[in-house]
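Here's the structure we're looking at; comments come further down.
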Protein chains: 2
Amino acid sequence: MTIPFPGLEVRGSKSGKPIMALLDLLGRTWSLGIIWHLHSGPATFRELQQRCEKISPTLLNTRIKELKALQLVECKGVGYQLTHQGRDLFDIISPLGSWSSRWAQVLKEDSK
Amino acid sequence: MTIPFPGLEVRGSKSGKPIMALLDLLGRTWSLGIIWHLHSGPATFRELQQRCEKISPTLLNTRIKELKALQLVECKGVGYQLTHQGRDLFDIISPLGSWSSRWAQVLKEDSK
DNA sequence: CACCATGCTACAATATTTGTAGCATGGTTA
DNA sequence: TAACCATGCTACAAATATTGTAGCATGGTG
């Protein structure tokens with residue numbers, strides 16, 4: 001898969017709109033998970049693999065390359081970590097944590 | 001793929017944590033796109049297909065089933081639309097729109 | 001009844017993801 | 001200095017997910 005740069009055609013849209021590139025990226029397996037798990041601090045390749053529990057090294061490396069090219073993740077001395085932009089993005093999606101708990105509650109109620 | 005219900009094992013986690021179910025769901029091809037495109041109003045199956053530009057009917061139907069089971073999308077007289085919970089979720093991710101524009105700006109600057 | 005449009009299924013072709021093995025590099029430690 | 005690690009990462013075949021096209025079934029409308 002090619003890296004979904006804003007401005008280029010991506011899966012789901014030929015428009016080049018940034019949001020479409022972003023939705024393509026985040027819709028790829030593990031992208032969101034990697035960002036989510038990196039928020040708890042920098043991690044080495046192998047540690048990130050463990051945080052993700054079941055990601056294959058092949059795919060982890062592919063996703064890392066994409067996230068680096070799109071400046072959301074960087075590799076410094078301490079290991080992989082979110083860039084400034086990556087943290088900004090995380091800040092937007094972080095409410096998903098508490099939202100998902102309420103959602104789970106509702107689903108549970110309704111299944112009774 | 002099984003539907004990622006909170007409480008069950010999902011791709012990426014055996015913990016049953018709601019956030020992991022959500023990240024699994026949103027990380028599936030087109031999930032985010034469908035939610036994004038439904039925000040602009042209810043749509044019939046075929047119209048939703050057009051909004052998504054390139055989704056296959058097979059997959060659209062699969063995703064719809066998942067999103068319905070998880071109470072994010074419903075099918076009423078007017079067609080498919082976001083549920084109350086679906087709109088709540090959209091509200092969380094909607095800042096991605098303007099964020100992605102700034103992100104695209106930065107990527108553009110840096111590529112000079 | 002002929003004609004549409006709709007929601008959706010079938011299914012083979014294609015693309016993505018996994019799982020396992022293991023290579024290459026760069027420290028330790030004996 | 002050589003036998004050990006752990007690390008980042010690649011290879012590659014098997015398993016899964018997604019696409020693309022065709023078209024069926026149903027419910028209007030003229």
Atom pair distance, as rounded to whole Å: [atom1] in [X] and [atom2] in [N]:
{"X": "Ile55(B)", "N": "dG20(D)", "atom1": "CD1", "atom2": "C1'", "result": "13 Å"}
{"X": "Glu47(A)", "N": "dG8(D)", "atom1": "CD", "atom2": "C1'", "result": "14 Å"}
{"X": "Gln50(A)", "N": "dT7(D)", "atom1": "CD", "atom2": "C1'", "result": "12 Å"}
{"X": "Lys54(A)", "N": "dG19(C)", "atom1": "NZ", "atom2": "C1'", "result": "13 Å"}
{"X": "Glu66(B)", "N": "dA17(D)", "atom1": "CD", "atom2": "P", "result": "10 Å"}
{"X": "Leu59(B)", "N": "dC11(C)", "atom1": "CG", "atom2": "P", "result": "18 Å"}
{"X": "Arg11(A)", "N": "dT14(C)", "atom1": "CZ", "atom2": "P", "result": "19 Å"}
{"X": "Phe45(A)", "N": "dG22(C)", "atom1": "CZ", "atom2": "P", "result": "18 Å"}

Assess whether one donor atom and one acceptor atom, taken from the side chain of Thr58(A) and the base of dG19(C), lie less than 3.5 Å apart.
-> yes
Selected nucleotide, minimal atom distance to Asn61(A) side chain, candidates dG8(D), dG7(C), dC9(D) | dC9(D)
May I ask you to decide whether Asp91(A) forms a salt bridge with Arg87(A), counting only side-chain N to carboxylate O separations under 4.0 Å?
-> no
Is the Phe90(B) ring parallel, tilted or perpendicular to the Trp36(B) ring (thresholds 30°, 60°)?
-> tilted
side-chain N/O [X] vs [N] OP1/OP2, d < 4.0 Å:
{"X": "Arg46(B)", "N": "dC8(C)", "value": "no"}
{"X": "Trp30(B)", "N": "dT19(D)", "value": "yes"}
{"X": "Thr29(A)", "N": "dT16(C)", "value": "no"}

Shared hydrophobic cluster for Leu107(A) and Leu8(B) (ILVMFWY, side-chain gaps under 4.5 Å) = yes
Taking the side chain as C-beta and beyond, is there a heavy-atom pair between Pro57(B) and Arg46(B) under 4.5 Å?
-> no
